[in-house]
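Quick notes on the structure that follows.
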Amino acid sequence: MPQIAEESTAKDLLEQIKLEKQNLVKEGKLKKSALVTSIIFRGDDNRYYEKIGKKCVDITEEIPFPIPANWQWVRIRDVFQLNPKNEADDETLAAFIPMEKIRAGYKSDFTFDLVKWGNIKKGFIHFANGDVAFAKITPCFQNRKSAIFHDLPNGIGAGTTELKVLRPYGNTIGRWYLLYFLESPYFIDEATFKGTANQQRIVVGYLENKLFPLPPKEEQQRIVAQIEKLFEQLH
């Protein structure tokens, strides 16, 4: 994609994410530990380093591919809320989404059942409008069962515990850019699993620690538009 010097940078987005986190901590909706994030940078020796607190580690061998200078490598855990919780009255109508109601593939197709929140608030994964989810169990993971949730009754829902749910901080990372990342070979093919042959799940930490290439907001939109243009040519 073209690099436009006048646009904001990924570092600007990281500052915005930091402010969003601070506000959520003040509101009691986020733990203070979420403010401690890793800083990934390229040293004068052209190697990549990750700094958390006072500890600095060479992660050059972990960097999968080069990215433009105005992008930033980040960890998934640092730029998204993972498996967030909802709060609502028990009588509130909400969406219930078992795995079979999420379609496989590169789009975001799903349906839901209408139920009272009190019946599904325990024992299921929570999500809300704007959250992005994907299946963590095989073969649904490889089949790219995933979705951007929208138009949920009262904006909330719950569903199969075999989902991982990601919530961007404010208007920082585009939902479609995130979804296409989660459906990419880089994310799907490099996953490792644990469990029996018929029910394997991605290992704990794979999602949280995965390196995420963060472009400026405007460029995220151009990338999504280009991907959708290519999809149109495949029909």
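Sequence positions, counted from 1, serve as the residue numbers for this chain.
- Taking the six-membered ring where the residue is Trp, Phe187 and Phe141 present tilted rings, their angle falling between 30° and 60°.
- The pair Glu50-Arg75 meets the salt-bridge criterion, since a charged nitrogen lies less than 4.0 angstrom from a carboxylate oxygen.
- Shortest non-hydrogen contact noted between Leu214 and Ala10 is O-CB, 3.2 Å.
- Between atom OG1 of residue Thr160 and atom CD1 of residue Ile137 there is a gap of 7.5 Å, rounded to the nearest 0.5 Å.
- The backbone N or O of Gln200 lies less than 3.5 Å from a partner atom in the side chain of Thr138, making a donor-acceptor pair.
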Derivation and outcome, side chain to side chain donor-acceptor pair (under 3.5 Å), residues Trp176 and Gln220: CA-CA 9 Å; Trp176 280 102; Gln220 293 175 35; over 6 Å; no
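- Note that Lys85 lies outside the cation-pi zone of Phe127, set by a 6.0 Å cut-off to the ring centre and a 45° limit from the axis.
- Grouping the Ile, Leu, Val, Met, Phe, Trp and Tyr side chains by contacts below 4.5 angstrom, directly or via other members, places Leu152 apart from Leu93.
- Considering only heavy atoms from C-beta on, Val224 stays 4.5 Å or farther from Gln221 through its side chain.
- Residues Phe231 and Phe181 fall within the same hydrophobic cluster, defined by Ile, Leu, Val, Met, Phe, Trp and Tyr side chains chained together at heavy-atom separations under 4.5 Å.
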Given the rule in the side chain to side chain contact (heavy atoms under 4.5 Å, CB included) test, do Gln199 and Thr196 qualify, once you have shown the distances and angles that lead to the verdict? CA-CA 5 Å; Gln199 282 197 322; Thr196 59; 3.8 Å; yes
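- A donor-acceptor contact shorter than 3.5 Å links the side chain of Glu208 to the backbone of Gly205.
- Using a 4.5 Å cut-off between side-chain heavy atoms of Ile, Leu, Val, Met, Phe, Trp and Tyr, with links allowed through other members, Ile76 and Leu35 fall into the same hydrophobic cluster.
- Here the CG-CG distance, from Asn83 to Leu166, works out to 7.5 Å after rounding to the nearest 0.5 Å.
- Atoms CH2 and CD1, on Trp73 and Ile63 in that order, are 6.0 Å from each other to the nearest 0.5 Å.
- In this structure, the separation between CD1 on Ile67 and CD on Gln72 is 7.0 Å, given to the nearest 0.5 Å.
- Side-chain contact between Thr37 and Arg77: absent, with no pair of heavy atoms (C-beta onward) separated by less than 4.5 Å.
- Ring-plane geometry between Phe65 and Tyr186 is classed as perpendicular, the angle between the planes exceeding 60 degrees on a 0 to 90 degree scale with a lower cut at 30.
- Between the side chain of Arg144 and the backbone N or O of Tyr106, no donor-acceptor pair lies under 3.5 Å.
- Under 4.0 Å is where a charged nitrogen must lie from a carboxylate oxygen, and between Lys107 and Glu183 no such pair does.
- In summary, Asp90 and Lys116 do not engage in a salt bridge, as defined by a charged side-chain N under 4.0 Å from a carboxylate O.
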Check the pair Leu163 / Ile102 against side chain to side chain contact (heavy atoms under 4.5 Å, CB included), numbers first and verdict last. CA-CA 10 Å; Leu163 291 176; Ile102 300 176; 3.8 Å; yes
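- Between Lys145 and Glu100, no side-chain nitrogen of the basic residue sits less than 4.0 Å from a carboxylate oxygen of the acidic one, so the salt-bridge criterion is not met.
- Glu20 has no carboxylate O lying under 4.0 Å from a charged side-chain N of Lys29, or vice versa, which leaves the two without a salt bridge.
- Two different hydrophobic clusters hold Tyr49 and Ile40 under the rule that ILVMFWY side chains link at heavy-atom gaps under 4.5 Å.
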Set out, in order, the CA-CA distance, both residues' side-chain angles and the distance that settles ring-ring contact (aromatic ring centres under 6.0 Å, His included) for Phe112 and Phe96, then state yes or no. CA-CA 5 Å; Phe112 59 80; Phe96 179 67; over 10 Å; no
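- In this structure, Met99 and Cys140 have side chains that are in contact, with non-hydrogen atoms separated by less than 4.5 Å.
- For Phe80 and Tyr169, the ring centers sit 6.0 Å or farther from each other.
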Trace of the ring-ring contact (aromatic ring centres under 6.0 Å, His included) decision for Tyr48 with Phe41: CA-CA 6 Å; Tyr48 281 89; Phe41 62 95; 8.8 Å; no
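- Partner of Ser8 under the side chain to side chain donor-acceptor pair (under 3.5 Å) criterion, out of Glu218, Glu15, Glu219, Lys217: Glu218 alone.
- Asp78 has its side chain within reach of Ser38: a pair of non-hydrogen atoms, C-beta onward, lies under 4.5 Å apart.
- The hydrophobic clustering, which links ILVMFWY residues whose side-chain heavy atoms are closer than 4.5 Å, places Phe134 and Phe193 together.
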For Phe149 and Phe110: C-alpha separation, side-chain torsions, deciding distance, then whether ring-ring contact (aromatic ring centres under 6.0 Å, His included) applies. CA-CA 8 Å; Phe149 292 122; Phe110 66 91; 5.3 Å; yes
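- Closest of all the heavy-atom pairs between Asn86 and Arg167 is OD1-NH2, 3.7 Å.
- The CG atom of Asn119 sits 8.5 Å away from the CD atom of Glu91 when rounded to the nearest 0.5 Å.
- Taken to the nearest 0.5 Å, the NZ atom of Lys121 stands 10.0 Å off from the CD atom of Glu87.
- Two residues are said to be in side-chain contact when any heavy atoms from C-beta on lie closer than 4.5 Å; Lys164 and Leu82 fail this criterion.
- The shortest non-hydrogen separation linking Leu182 to Leu207 is CD2-CD1, 4.4 Å.
- Nearest approach of Ser108 to Ile148, heavy atoms of both residues: OG-N, 2.8 Å.
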Could you give me the CA-CA distance, side-chain angles and deciding distance for Trp117 and Ile156, then say whether side chain to side chain contact (heavy atoms under 4.5 Å, CB included) is met? CA-CA 9 Å; Trp117 181 246; Ile156 60 170; 3.8 Å; yes
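- For the residue pair Gly170 and Arg175, the shortest heavy atom distance occurs at O-NH1, 3.6 Å.
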Before you tell me yes or no, could you show the steps for Ile202 and Thr192 under side chain to side chain contact (heavy atoms under 4.5 Å, CB included), namely the whole-Å CA-CA distance, both residues' side-chain angles and the distance that decides it to 0.1 Å? CA-CA 6 Å; Ile202 57 172; Thr192 52; over 6 Å; no
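- Contact of the Val165 side chain with the Pro84 side chain is registered, since non-hydrogen atoms from C-beta on lie closer than 4.5 Å.
- Under 4.0 Å is where a charged nitrogen must lie from a carboxylate oxygen, and between Glu7 and Arg222 at least one such pair does.
- Evaluated for a side-chain contact (heavy atoms from CB on, under 4.5 Å) with Val79, the options Thr172, Leu14, Leu13 yield exactly one hit, Leu14.
- Between Lys11 and Asn70, every side-chain heavy-atom pair lies at or beyond the 4.5 Å cut-off.
- Nearest approach of Gly157 to Ala94, heavy atoms of both residues: CA-CB, 4.4 Å.
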